[in-house]
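Heads up, the thing below is written out as structure tokens.
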Amino acid sequence: MDVRDNQGQLVGQLQHLCDNQGNTVDSNTTYYAGRPVVQVITTRDNQGRVETRTILGGKIVP
């Protein structure tokens, strides 16, 4: 899902991915002037273990 401001510029992006084994990946990316500023990636495996990573100034998950 893309989040846009009143002028139509991309300011955020939310993504949710899951596989057939129950693992999930959620990413939340914030943009400023069309460039990624911060991305928070949360992964959860089918055992319930959660890991969160924060990437500043870039983006690693599309």
Side-chain angles (χ1 to χ4, degrees):
M1 175 175 77
D2 291 343
V3 180
R4 299 188 180 272
D5 65 8
N6 290 338
Q7 287 75 39
Q9 297 293 322
L10 183 65
V11 294
Q13 191 174 44
L14 303 169
Q15 294 183 349
H16 175 77
L17 308 167
C18 59
D19 64 12
N20 57 1
Q21 297 175 348
N23 302 317
T24 64
V25 177
D26 293 302
S27 72
N28 181 357
T29 308
T30 303
Y31 294 88
Y32 179 75
R35 305 182 109 198
V37 177
V38 63
Q39 183 179 41
V40 178
I41 302 168
T42 303
T43 59
R44 182 178 51 87
D45 64 12
N46 58 3
Q47 301 298 316
R49 290 182 293 239
V50 177
E51 183 178 330
T52 301
R53 294 181 183 177
T54 302
I55 293 84
L56 300 174
K59 180 177 176 179
I60 61 172
V61 174

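Numbering starts at 1 and runs along the sequence shown. All values below come from the heavy atoms of this structure, side chains included, with hydrogens, waters and symmetry mates left out.
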Margin query: Taking salt bridge (Lys or Arg N to Asp or Glu O under 4.0 Å) as the cut-off, I'd like each qualifying pair that reaches into residues 3-21, sequence neighbours left out, listed once.
Written below: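 Salt bridge (Lys or Arg N to Asp or Glu O under 4.0 Å) check on residues 3-21 returns Asp2-Arg4.
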Check: Can you list every salt bridge (Lys or Arg N to Asp or Glu O under 4.0 Å) pair that touches residues 36-48, not counting sequence neighbours?
Finding: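 Non-adjacent pairs meeting salt bridge (Lys or Arg N to Asp or Glu O under 4.0 Å): Asp45-Arg49.
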Notebook entry, point to check: Looking at Ile41, Val40, Asp26, which hits side chain to side chain contact (heavy atoms under 4.5 Å, CB included) with Thr52?
Noted result: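 For Thr52, the side chain to side chain contact (heavy atoms under 4.5 Å, CB included) check succeeds only for Val40.
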Item checked: Partner of Tyr31 under side chain to side chain donor-acceptor pair (under 3.5 Å), chosen from Gln39, Gln9, Lys59 ->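 By the side chain to side chain donor-acceptor pair (under 3.5 Å) criterion, Tyr31 pairs with just one of Gln39, Gln9, Lys59: Lys59.
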Check: Do side-chain atoms of Asn28 reach the backbone of Leu14 as a donor and acceptor pair under 3.5 angstrom?
Finding: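 Looks like no, no N/O pair under 3.5 Å.
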Item checked: Same apolar cluster: Ile60 and Leu17, side chain cutoff 4.5 Å ->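 Same hydrophobic cluster.
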Check: Do the side chains of Thr54 and Val38 get nearer than 4.5 Å, heavy atoms only?
Finding: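 Yes; the side chains approach each other to less than 4.5 Å.
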